[in-house]
**Q** 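To start, I am sharing the structure in question, which I have written as structure tokens.
The residues of the chain are indexed from 1 along the displayed sequence. This one's a predicted model, so the numbers in the text were calculated from it and none came from an experiment.
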Amino acid sequence: MLAAWERPEQTNVAWVTFVVGVHFVALAPVWKDWSIAVPGVVLTLLGVAGLVLAATAAVDWVPFVSGVLSGVVLLLGTATFGWRAMTARTA
């Protein structure tokens, strides 16, 4: 779809980040776990930021903003939830 619209290749990274973030937010009430909405909102915002950057001369920053930073968010989220789970078991 993005190629048909002749969007830069980097736009794909932003689109995937946006879609993943929206899915996290949408699944939070289904799973009854609102803590997953936090990384979901951050991922959604990073995806939107990447889509905006893709339409500007700063298109080269899209992989960093929507790719690298989203990876950092997912890593920190995983570490946080893992830490909580481990401390809850020992308490």
Side-chain angles (χ1 to χ4, degrees):
M1 177 176 84
L2 295 172
W5 289 346
E6 299 179 4
R7 301 305 311 149
E9 191 175 87
Q10 294 89 335
T11 308
N12 295 327
V13 176
W15 179 249
V16 169
T17 302
F18 174 77
V19 170
V20 169
V22 169
H23 277 83
F24 276 33
V25 173
L27 288 172
V30 174
W31 292 343
K32 295 177 179 47
D33 185 3
W34 287 100
S35 61
I36 197 169
V38 174
V41 169
V42 175
L43 289 173
T44 302
L45 293 174
L46 288 171
V48 169
L51 290 170
V52 170
L53 286 174
T56 69
V59 69
D60 291 335
W61 282 94
V62 174
F64 177 77
V65 171
S66 294
V68 174
L69 292 182
S70 66
V72 170
V73 167
L74 290 172
L75 180 62
L76 290 175
T78 302
T80 300
F81 297 133
W83 181 260
R84 286 185 185 171
M86 292 300 291
T87 55
R89 287 184 188 165
T90 58

**Q** Apply side-chain contact (heavy atoms from CB on, under 4.5 Å) to the pair V65 and L53, showing each step before the final yes or no.
**A** CA-CA 9 Å; V65 171; L53 286 174; 3.7 Å; yes
**Q** Is it true that W15 and V42 fall in one hydrophobic cluster, defined by side-chain heavy atoms closer than 4.5 Å?
**A**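 Each belongs to a different hydrophobic cluster.
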**Q** With clusters defined by side-chain heavy atoms of hydrophobic residues (ILVMFWY) lying less than 4.5 Å apart, directly or transitively, does V62 cluster with F64?
**A** yes
**Q** Do P29 and W34 make a side-chain contact, defined as non-hydrogen atoms from C-beta onward lying under 4.5 Å apart?
**A**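 Yes. Closest side-chain heavy atoms under 4.5 Å.
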**Q** Do the non-hydrogen side-chain atoms of I36 and L27 ever get within less than 4.5 Å of each other?
**A** no
**Q** Among the clusters formed by ILVMFWY side chains lying less than 4.5 Å apart, do V22 and V41 turn up in the same one?
**A**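 No.
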**Q** Drop me the distance from W61's CH2 to L69's CG, to the nearest 0.5 angstrom.
**A** 9.5 Å
**Q** Membership question, hydrophobic clusters at under 4.5 Å side-chain separation (ILVMFWY): are V73 and V38 in the same one?
**A**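 Different hydrophobic clusters.
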**Q** Answer yes or no: is there a side-chain heavy-atom contact under 4.5 Å between T11 and L51?
**A** yes
**Q** Within the 4.5 Å heavy-atom criterion, are S70 and F18 side-chain neighbours or not?
**A** no
**Q** Check whether any side-chain N or O of T17 sits under 3.5 Å from a backbone N or O of S66 as a donor-acceptor pair, and report yes or no.
**A** yes
**Q** Testing V19, V25, V20, V16 for side-chain contact (heavy atoms from CB on, under 4.5 Å) with L43, which one passes?
**A** V20
**Q** Quick check: is M86 connected to F81 through a chain of hydrophobic side chains (ILVMFWY, heavy atoms under 4.5 Å apart)?
**A** no
